[in-house]
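Remarks on the structure that follows.
Counting begins at 1 with the first residue of the sequence.
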Amino acid sequence: MDNKRKNTKRNEIISLVVTLIIIVLVNIIGSFFYTRFDLTSEKRYTLSDTSKEILKNLDDYVYFRVYLEGEFPAGFKKLRKETKEMLDEFRAYSKFIDYEFINPSESNDQAERQETYKILWQSGLNYYTETVQTNSGVQQIMIWPGIIMSYREQEMAIDILSGESGQSQETVLNNSAQDLEYKLISAIKDITTTNKKTIAFVDGHGELSDLEVYDVANSLAKKYVIKRTTLNGQLNALMQRDFDRDSTIVIRPAFDAVVIAKPTEPFSEKDKFIIDQYIMYGGKVMWLLDAVSASMDSLQSTESTMGLALNLNLDDQLFKYGLKLNRNLLLSYPCAQIGLVTGEGVSLQSMLLPWYYFPLLSQASQHPIVRNIEAVKADFISSLEPTTSAPEIQKIPLLKTSDYTKVSSAPVYISLEILNQRPNAQMFPQKGMTTAFLLNGTFHSLFENRMPASMTDAPEIGFKTESLRNSMIVIADGDIIRNQLAQLDYAKKNNKRIGSPLPLGYDQYTNITYGNKQFIENAISYLLDGEGLISIRSRELKIRLLDVNKVNSSQTTWQIINVVLPSAIMIVFGLILAILRKKKYTSS
């Protein structure tokens with residue numbers, strides 16, 4: 001009996017020692033090889049190949065100062081945890097990632113805290129105030145959910161909150177956690193890129209002014225160099241011509257991409273030739289074109305106006321590349337709202353009514369440019385359709401109207417009386433109409449077989465009949481890229497200067513932010529950088545939020561389950577174990 005007990009004791013000691021050795025070995029191996037098991041269905045915690053590539057190519061330290069330390073509500077604590085885990089994930093692929101978490105409100109000296117807040121504000125971070133319950137009572141705290149990232153001599157502010165106005169705090173914080181990889185990796189790429197790509201806004205045909213594209217240009221300027229260029233028939237307006245060592249003329253695009261934003265005057269054949277050859281040499285183009293001239297300005301003094309066909313002299317060029325811009329206006333529901341003032345004198349009142357000429361556009365495909373974006377607001381938009389003239393070009397639809405759409409061919413009678421009509425199926429007989437396309441492939445020149453030999457053979461012109469594989473985006477509404485300017489009422493309420501530019505996609509009349517900015521940024525990112533980064537941004541990550549109504553109705557039940565049930569189970573197991581032990585030793 002004693003030998004048996006000794007053998008049992010020896011075996012237990014050996015098992016314990018072996019277990020400890022295995023644990024130590026696993027930890028030693030784990031210190032050299034990092035791995036993580038992502039069991040989520042959408043692989044939420046797995047870095048994309050693009051992120052891994054960017055991290056592995058780092059050649060110097062990127063330092064993150066994260067201002068998410070302190071006593072926060074539970075949602076912000078979760079965001080802090082997600083941020084730390086993401087940065088730890090980055091560390092696994094690059095030794096040049098380092099970070100620290102900082103509490104900006106740590107100092108007991110109010111003047112010192114205010115100075116810290118001022119520095120963070122000047123650096124580009126935003127703060128949020130939250131009311132929390134403390135031991136001393138209800139208190140308002142300032143939260144700075146942002147990061148100051150440093151690389152060599154440069155610094156960049158990263159606001160890690162993502163969300164639209166009107167969304168609950170829980171939704172905003174969940175969206176922020178989902179966008180972490182894109183925001184951090186995009187920032188790393190931007191700050192470490194030495195030679196930024198160049199985007200030019202084309203002038204000379206009544207395009208949108210600097211003020212009207214201020215917000216999107218300002219956002220893009222963080223990643224790219226933004227310029228303006230006027231064509232005016234100048235051969236080198238979009239191209240750069242140099243001589244190599246053999247005195248041979250070398251021709252290449254002067255800009256990586258150009259944006260043609262809402263022209264209102266026709267293009268000359270010379271300007272069309274300049275754009276055509278820019279495309280043949282690999283330049284990217286984003287076309288934002290109106291097919292019908294219509295504006296809300298004309299409805300300020302009268303109750304009706306006419307939408308007239310707009311001749312930009314671009315039909316043959318777009319047709320050659322594979323698209324037709326239709327001379328029509330699309331009415332659709334759901335749509336944006338406009339304010340209507342009714343009554344007189346003291347009974348004067350304003351109400352918001354649906355304006356069917358401002359459709360809300362949704363994604364027309366699962367392409368990363370439009371996947372998971374918010375609704376895009378359009379103003380007097382037309383339809384696009386693919387042609388058979390370029391069968392080799394891949395034509396990917398990006399945006400479309402809803403399945404409740406009406407097509408009105410130009411000239412279109414536009415009247416405020418439509419505000420009194422309630423939407424119904426008879427009013428919108430057509431299904432969703434496509435309003436934006438991505439074109440991929442080898443484009444053929446509009447001027448192929450149309451130029452005299454003296455020009456096609458001239459080395460200084462360098463005429464090309466077809467491009468290498470290239471991409472362009474065509475959108476049938478120039479206003480999608482136009483930001484609003486602050487009007488009198490909005491300026492007074494928000495302490496803004498009248499006429500100052502507002503964020504792209506924000507509607508000052510309804511206080512709603514649409515997805516215009518994200519769409520434009522995604523489109524530019526795709527044209528210049530491919531699918532890499534936007535594929536991260538457009539990943540479908542499910543937000544598993546609690547149902548507030550169910551939580552409130554069954555709160556007591558779940559509290560009992562979580563508190564009483566585990567204790568009851570332990571008591572039952574204890575009683576069963578005691579009974580079994582008693583039986584065992586009684587029988588012995």
Checklist entry - Are any of the side-chain nitrogens in Asp507 or Lys377 under 4.0 Å away from the carboxylate oxygens of its partner? => result no
Item to check | Ring centroid separation Phe428 to Tyr356 under 6.0 Å | outcome: yes
Next on the checklist: For Tyr514 together with Tyr506, are the ring centres under 6.0 Å from each other?
Outcome noted: no
Checklist entry - So Ser51 and Ser48, side-chain hydrogen bond (donor to acceptor under 3.5 Å, both in side chains) or not? Walk me through it. => result CA-CA 5 Å; Ser51 298; Ser48 67; 3.1 Å; yes
Checklist entry - Is there a side-chain contact (heavy atoms from CB on, under 4.5 Å) between Glu385 and Ser383 once you walk through the steps? => result CA-CA 7 Å; Glu385 60 180 277; Ser383 64; 5.6 Å; no
Next on the checklist: Going by ring pair (Phe, Tyr, Trp, His ring centres under 6.0 Å), name the residues that satisfy it together with His205, two or more places apart in sequence or in a different chain.
Outcome noted: Phe267
Checklist entry - Which distance, rounded to the nearest 0.5 Å, do you find between the CD1 of Ile338 and the CG of Leu299? => result 7.5 Å
Item to check | Any pair counted as salt bridge (Lys or Arg N to Asp or Glu O under 4.0 Å), so long as it reaches residues 476-486, sequence neighbours left out | outcome: Lys262-Asp479, Asp379-Arg482, Asp479-Arg482
Item to check | Ser219 side, atom OG; Tyr214 side, atom OH - distance, nearest 0.5 Å | outcome: 9.5 Å
Item to check | Lys223 and Asp529: CA distance, side-chain angles, deciding distance, salt bridge (Lys or Arg N to Asp or Glu O under 4.0 Å) verdict | outcome: CA-CA 11 Å; Lys223 301 181 180 181; Asp529 304 316; over 6 Å; no
Checklist entry - Do Lys227 and Thr229 have side-chain heavy atoms sitting under 4.5 Å apart? => result no
Checklist entry - Closest approach of Ala436 and Ile475, non-hydrogen atoms and distance? => result CB-CG1, 4.0 Å
Checklist entry - Considering only heavy atoms from C-beta outward, does the side chain of Lys183 approach that of Ile147 to under 4.5 Å? => result no
Item to check | Closest heavy-atom pair and its distance - Ser467, Gly441 | outcome: OG-O, 4.2 Å
Checklist entry - Does NZ or CZ of Lys464 lie under 6.0 Å from the centre of the six-membered ring of Tyr281, at an angle within 45° of the ring axis? => result yes
Checklist entry - Would you call Tyr224 and Asp256 a side-chain contact if the rule is heavy atoms closer than 4.5 Å? => result no
Checklist entry - How far does CZ of Arg469 sit from CD of Gln394, to the nearest 0.5 angstrom? => result 6.0 Å
Checklist entry - In terms of ring plane angle, is the pair Tyr321 and Trp287 parallel, tilted or perpendicular, where the classes change at 30° and 60°? => result tilted
Checklist entry - If you draw the axis of the six-membered ring of Phe443, does the NZ or CZ of Lys320 fall within 45° of it and under 6.0 Å from the ring centre? => result no
Item to check | Nearest non-hydrogen partners of Met286 and Ala523, listed with the distance | outcome: CE-CB, 3.3 Å
Next on the checklist: Quick check: do Leu330 and Val407 have side-chain heavy atoms less than 4.5 Å from each other?
Outcome noted: yes
Checklist entry - Looking only at heavy atoms, what is the nearest atom pair of Ile191 and Gln154, with distance? => result O-NE2, 3.3 Å
Item to check | Mutual orientation of the aromatic rings belonging to Trp355 and Tyr357 [parallel < 30°, tilted 30-60°, perpendicular > 60°] | outcome: tilted
